[in-house]
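Report on one structure; see the data block that follows.
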Protein chains: 2
Amino acid sequence: MGRMERRPAGANLAGLRDHNAALVLSLLRARAEGGSRVQLAAQTGLTPQAVSKIVGRLLADGLVVEAGRGESTGGKPRTLLALRPEAGCAVGIELDRQRSTILLLDLAGTTLRRRSVDIGLASGEPERVVGALAKGVSQAVRAAPDGAKVLGVGVGCRGPLDYETGTLHRPAGLPAWDGFPLRGLLESLLDASLDVPNVLLDKDTNVAALAAPAAVSGSTAYLHLADGLGAGLLLNGAVYRGARTNAGEFGHQVLQPDGPRCTCGARGCLEALCMAALADDDPRTAARWLGIGAANLVRLLDIDRILLGGHQIFASPDVYLRAVADQIAEHLPEPEWQSVQVSLTPAGASAVAVGAAQLVIDSALGGI
Amino acid sequence: MGRMERRPAGANLAGLRDHNAALVLSLLRARAEGGSRVQLAAQTGLTPQAVSKIVGRLLADGLVVEAGRGESTGGKPRTLLALRPEAGCAVGIELDRQRSTILLLDLAGTTLRRRSVDIGLASGEPERVVGALAKGVSQAVRAAPDGAKVLGVGVGCRGPLDYETGTLHRPAGLPAWDGFPLRGLLESLLDASLDVPNVLLDKDTNVAALAAPAAVSGSTAYLHLADGLGAGLLLNGAVYRGARTNAGEFGHQVLQPDGPRCTCGARGCLEALCMAALADDDPRTAARWLGIGAANLVRLLDIDRILLGGHQIFASPDVYLRAVADQIAEHLPEPEWQSVQVSLTPAGASAVAVGAAQLVIDSALGGI
DNA sequence: TGCACTTTGCCAACAGTGTTGCTTAACTCG
DNA sequence: CGAGTTAAGCAACACTGTTGGCAAAGTGCA
């Protein structure tokens with residue numbers, strides 16, 4: 001259960017087995033009604049016998065159970081298989097400046113426990129904050145069902161940060177956190193008390209994009225409008241981070257080179273334009289700008305689905321949904337773009353914490 | 001040598017072997033001076049013995065040769081391995097409106113033969129045009145070295161098109177080509193006369209991005225400024241196409257919502273702004289706009305390297321190189337962005353044809 | 001009711017991958 | 001010139017998915 005490798009790696013038999021097991025699991029996760037071995041064979045391209053063996057291992061591990069029979073199609077009816085949600089769970093943390101949310105998610109994506117605490121990046125020394133988080137994780141883990149394996153802890157946080165090293169980079173106004181080994185310390189604290197070897201740190205927008213029914217293929221953009229404006233990109237079904245985990249800086253695209261000055265130093269950034277409109281209590285104008293940026297994004301990356309989140313969105317959701325859909329329809333009138341879906345993130349205000357746990361589950365189960 | 005699959009597929013032993021062989025080949029292609037088995041083992045994570053076996057198969061296939069010895073590091077000196085460039089070759093076609101370029105490339109990326117012909121999308125019935133292209137391919141293939149395997153034919157063309165089906169979509173002013181089975185017909189024509197099973201059709205900007213020393217990891221954007229403005233994206237070392245091969249519509253990002261009307265219907269598209277400046281014979285202003293768009297792109301996708309191409313660029317290359325670098329430096333002053341490289345495409349005016357052949361080579365060799 | 005047919009899933013033997021343990025080859029260094 | 005070090009190969013091995021054959025459990029028609 002090592003950390004995700006970026007450089008190309010050779011594959012061996014163990015990797016082959018894990019890959020196929022993860023593939024079968026992801027297919028079973030995608031369809032709630034359950035699937036049979038033959039169906040899985042058709043979808044994976046593997047032989048039915050290979051699927052039987054793989055499923056046999058998953059049954060032995062308790063990750064999957066046989067769940068009744070399907071209808072006959074002229075012969076022996078199919079034995080249905082279903083993911084056992086209580087076989088594993090993961091902890092998700094939304095780490096904010098002043099507050100944090102810690103929750104426990106099972107394999108099916110059901111929230112088993114959820115707590116908010118007055119601990120945040122700005123509430124003290126990094127060592128103490130991480131210690132408090134570790135304590136919160138320990139409490140959350142106690143809510144895990146009997147026999148459930150705790151797969152790890154995911155932390156979603158505002159960037160800039162480095163996914164590879166698990167550290168923040170020059171967070172505004174918080175110099176003590178710059179380069180502080182957030183993931184490393186949390187991992188060692190938990191490893192001492194629990195059996196939680198896997199800790200992942202990622203941008204809030206990246207993990208929030210995962211807090212929606214999994215699209216194995218296709219491309220999704222999660223747009224987050226709160227204190228700032230950022231995006232999380234799921235390209236071909238996987239989080240796209242770039243080499244330095246800096247991808248998704250959606251808010252700082254210049255849309256008006258002679259526009260208002262942004263906190264980043266440039267002029268006429270999308271974020272500056274949206275924030276100026278919100279300061280004037282004009283969400284409609286902010287929504288229009290957001291829509292223009294979204295249309296640019298859809299066109300540049302051939303995006304299939306847009307998810308909206310963040311407290312500014314939730315304050316007047318219909319305004320934003322309408323404006324984004326309108327701008328896409330206006331700027332991309334061709335028929336092939338009509339299928340772009342625009343919706344609110346189904347996890348609502350918990351999107352970051354839910355997605356952080358989901359990131360761990362995806363990673364532990366192989367996450368194709 | 002099937003077509004690239006988008007949906008997740010199960011892996012078996014044959015796939016495992018091909019994956020590792022392709023990995024070793026790509027590492028050998030990346031370094032011209034050649035590498036040893038031990039180095040390859042360290043880079044791939046495989047055991048030295050596994051690499052020995054893999055290299056043994058590649059030697060037997062003639063794809064790799066032993067090329068002298070390296071310096072000793074205290075013990076037995078390393079046996080250097082090198083790709084055998086003449087083991088295989090691929091045909092690349094740049095298919096334009098009035099003219100086309102057909103060239104033959106070997107595994108090392110050396111152009112063995114290059115011809116331009118007065119055949120293009122606008123020069124007749126699709127059937128006749130494809131027939132003429134097939135004839136040109138046959139002639140090019142005759143220049144292949146003895147024993148060289150012809151891996152396939154790549155075609156680079158202006159979008160919109162569909163990589164999966166190998167057809168154009170509503171090309172402006174060329175209704176006969178809409179949905180015409182370009183790839184399918186070329187494949188069957190060649191299959192009858194030659195042994196060229198693999199034909200690929202992709203956007204000109206996508207393949208042009210491949211016409212540069214391979215960056216196995218990292219992200220590259222190729223910006224093409226000619227009659228229009230588009231981009232080819234290499235994300236994590238692989239071409240990113242999106243679900244409908246529409247990704248890379250870089251030129252139609254709106255940068256001035258009240259700006260000049262673009263051919264696409266919107267106002268203030270980057271392409272419209274650049275073209276207006278060029279119509280005024282003002283490349284400096286066009287270059288400044290291109291730079292702003294490039295900075296947006298770098299920030300959004302965490303791009304490592306920018307390549308510039310297209311005849312407008314080559315008309316005054318220094319102006320564009322300077323302007324793009326300046327805008328990136330201005331909009332992204334933080335130290336982590338200072339390493340972004342900006343350069344002209346090394347393949348110059350042949351970038352599309354070279355890249356089209358490279359796409360085939362990448363695909364046939366596994367292309368990680 | 002009985003029998004042919006279809007479909008599902010498993011048992012056993014198999015081919016072929018990377019891994020492990022050990023040996024041989026080739027060079028540096030004292 | 002011998003000890004130490006690094007590179008590469010040989011043989012046995014564990015384990016993967018594949019292949020061929022077969023039992024189980026349904027449907028459908030005479």
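Here is the naming used below: chain letters follow the sequence lines, and residue numbers restart at 1 for every chain.
For B:Pro181, there are no side chain to side chain contact (heavy atoms under 4.5 Å, CB included) partners, not counting sequence neighbours. Applying the side chain to side chain donor-acceptor pair (under 3.5 Å) criterion to B:Gln341, with sequence neighbours excluded, gives no partner residue. With sequence neighbours excluded, no residue forms a salt bridge (charged side-chain N to carboxylate O under 4.0 Å, His left out) with B:Asp162. For A:Asp304, the side chain to side chain donor-acceptor pair (under 3.5 Å) criterion is met by B:Arg244, not counting sequence neighbours. By the side chain to side chain donor-acceptor pair (under 3.5 Å) test, A:Thr111 pairs with no residue at all, sequence neighbours left out.
Taking five base pairs at each end of the helix from C:dT1-D:dA30 to C:dG30-D:dC1 and finding the rotation axis that steps the C1' atoms of four pairs onto the next four gives two axes whose angle is 0°, to the nearest 10°.
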What does the list of N/O pairs under 3.5 Å between the protein and nucleotides 3-8 of chain C look like, with a distance for each?
unit_1 : atom_1 : unit_2  : atom_2 : d
C:dT7  : O2     : A:Lys76 : N      : 3.1
C:dT8  : OP1    : A:Arg78 : NE     : 2.9
C:dT8  : OP1    : A:Arg78 : NH2    : 3.2

Sort me out a list of protein N/O and nucleotides 19-22 of chain C N/O pairs below 3.5 Å, or just none if empty.
unit_1 : atom_1 : unit_2  : atom_2 : d
C:dT19 : OP1    : A:Asn12 : ND2    : 3.4
C:dT19 : OP2    : B:Thr47 : N      : 3.1
C:dT19 : OP2    : B:Thr47 : OG1    : 2.6
C:dT19 : O4     : B:Lys53 : NZ     : 3.2

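Contact between A:Ala41 and A:Thr47 at its shortest, heavy atoms only, is CB-C, 4.1 Å. B:Ala82 and B:Ala67 get closest at one heavy-atom pair: CB-CB, 4.1 Å. Taking both residues in full, the closest heavy atoms of B:Tyr163 and B:Arg183 are given as O-NH1, 3.4 Å, listed atom of the first, atom of the second, then distance.
Considering only heavy atoms from C-beta on, B:Val207 stays 4.5 Å or farther from B:Gln358 through its side chain. Side-chain contact between B:Leu151 and B:Asn198 is absent, with no heavy atoms from C-beta onward closer than 4.5 Å. For the pair B:Leu25 and B:Leu83, the minimum side-chain heavy-atom distance is below 4.5 Å.
At C:dG18, one or more side-chain N or O atoms of B:Asn20 fall inside 4.0 Å of OP1 or OP2 (strictly under the cut-off).
Protein chain B contacts DNA chain D from D:dG4 to D:dT18, reading 5' to 3' and using non-hydrogen atoms of the protein with a distance under 4.0 Å.
Note on B:Arg37 versus B:Glu66: salt bridge recorded, some NZ/NE/NH1/NH2 to OD/OE distance being below 4.0 Å.
Atom-to-atom, CG of B:Leu23 to P of C:dG18 comes out at 11 Å; the value is rounded to the nearest Å.
Listed by residue number, the members of residues 57-71 of chain B with any heavy atom below 4.0 angstrom from DNA chain D form an empty set.
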Show every donor-acceptor pair shorter than 3.5 Å between a side-chain atom in residues 50-59 of chain B and any protein atom, with sequence neighbours excluded, or say none if there are none.
none

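At a threshold of 4.0 angstrom between heavy atoms, the contacts of A:Ala11 are confined to the sugar-phosphate backbone, with no base atom among them.
In this structure a side-chain-to-backbone donor-acceptor pair under 3.5 Å is missing from B:Ser219 to A:Gly242.
For residues 67-90 of chain A, no residue pair satisfies the side chain to side chain donor-acceptor pair (under 3.5 Å) rule, not counting sequence neighbours.
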